[in-house]
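Each remark here refers to the structure printed beneath this line.
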Amino acid sequence: EMARPVALEAGQAIACAAAVATEDMAPDLLTDALSACTASKPYVRKRALLALYRLCEKNPSGLRAAVDRAKDKLTDPDPGVAAAAVNVLCQLAHRAPKAFVPLAAPLFRLLSESSNNWLLIKVVKLLSTLVTEEPRLARKLAKRFGTALPAQHSRWSQLAVPAAAPARPRPSPECNV
């Protein structure tokens with residue numbers, strides 16, 4: 001059913017399969033969803049990526065393949081597919097952030113190149129999760145956030161970026177020299 005020529009039908013079949021999957025069905029459906037991530041239609045790729053999270057919940061052994069495929073899709077030419085990849089990685093990173101630290105470089109690239117505010121919010125959220133595991137990211141984030149604030153004229157940059165920026169220690173009042 002997932003190989004249907006009409007993108008809408010294929011995307012809906014993937015979403016439905018992920019929603020009704022059991023632990024026994026998940027390994028086979030995960031294989032189908034991983035192959036659908038390389039479909040020619042962006043809508044099918046996006047739905048397949050979003051299905052990966054649900055299928056990995058039911059079949060944790062497929063997590064590595066799902067993360068690798070989502071990582072590949074961070075550079076997808078379609079912004080919806082890249083946003084779906086960031087969304088899946090953001091959800092998965094909350095469970096084990098240390099495993100996602102190597103994704104910092106592609107996420108920084110997305111932060112620099114994207115103009116999609118929703119995608120930028122998710123990237124900031126994911127990077128702020130990774131800071132807890134890799135303290136060196138804090139300096140790089142602080143520099144990038146310093147340039148992101150003036151460059152973005154949207155409400156997200158006024159709210160999301162300062163909230164996700166690493167906290168700097170405040171000088172004590174006695175240090176006023």
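As the structure is a computational prediction, the values presented were derived from the model and not from experiment.
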| task | Kindly give the heavy-atom pair with the smallest separation between Ala26 and Leu55, and that separation in Å. | result | CB-O, 4.0 Å
| task | Provide the closest heavy-atom pair for Arg109 versus Thr75 in the form atom of the first, atom of the second, distance. | result | NH1-CG2, 4.3 Å
| said: Donor-acceptor pair, distance only, cut-off 3.5 Å: does the side chain of Arg69 make one with the backbone of Leu34? | reply: yes
| For the residue pair Leu50 and Val88, what are the closest heavy atoms and their distance? | CA-CG2, 4.1 Å
| said: Quick check: closest heavy atoms across Leu137 and Ala104, and the distance to 0.1 Å? | reply: CD2-CB, 3.8 Å
| said: Can a donor-acceptor pair be found, under 3.5 Å and without considering hydrogens, that links the side chain of Lys73 to the backbone of Cys37? | reply: yes
| task | Look at atom NZ of Lys46 and say whether more than 12 heavy atoms of other residues, nucleotides or ligands are closer to it than 6.0 Å. | result | no
| request: Over all heavy atoms of both residues, which pair between Val44 and Ala36 is shortest? Give the atoms and the distance, please. | output: CG1-O, 3.9 Å
| request: Apply side-chain contact (heavy atoms from CB on, under 4.5 Å) to the pair Leu103 and Leu126, showing each step before the final yes or no. | output: CA-CA 10 Å; Leu103 294 177; Leu126 181 52; 5.5 Å; no
| request: Please assess Gln12 against Tyr43 for the test side-chain contact (heavy atoms from CB on, under 4.5 Å), listing each intermediate value before the final yes or no. | output: CA-CA 10 Å; Gln12 293 302 319; Tyr43 179 75; 2.9 Å; yes
| query | Could you give the distance from CG (Asn87) to CG (Leu52), rounded to the nearest 0.5 Å? | reply | 11.5 Å
| remark: In terms of heavy-atom contacts, Leu89 and Phe100 come closest through CD2-CE2, 3.8 Å
| message | Looking at Lys58, I'd like to know if its NZ atom is crowded, meaning that more than 12 non-hydrogen atoms belonging to other residues, nucleotides or ligands lie closer than 6.0 Å. | response | yes
| query | Judged by atom type as modelled, is there a donor-acceptor pair below 3.5 Å linking the side chain of Lys125 to the main-chain atoms of Cys90? | reply | no
| field | Interatomic distance, Lys122 atom NZ to Leu107 atom CG [nearest 0.5 angstrom] | value | 13.0 Å
| request: Give, for atom OG1 of Thr132 and atom NZ of Lys98, the distance between the pair rounded to the nearest 0.5 Å. | output: 9.5 Å
| message | Pair Arg95, Glu57 - check side-chain contact (heavy atoms from CB on, under 4.5 Å), show working. | response | CA-CA 11 Å; Arg95 293 181 178 201; Glu57 282 183 319; 3.4 Å; yes
| task | Walk me through it: do Arg45 and Asp76 pass the test salt bridge (Lys or Arg N to Asp or Glu O under 4.0 Å)? | result | CA-CA 10 Å; Arg45 292 193 307 267; Asp76 195 273; 3.0 Å; yes
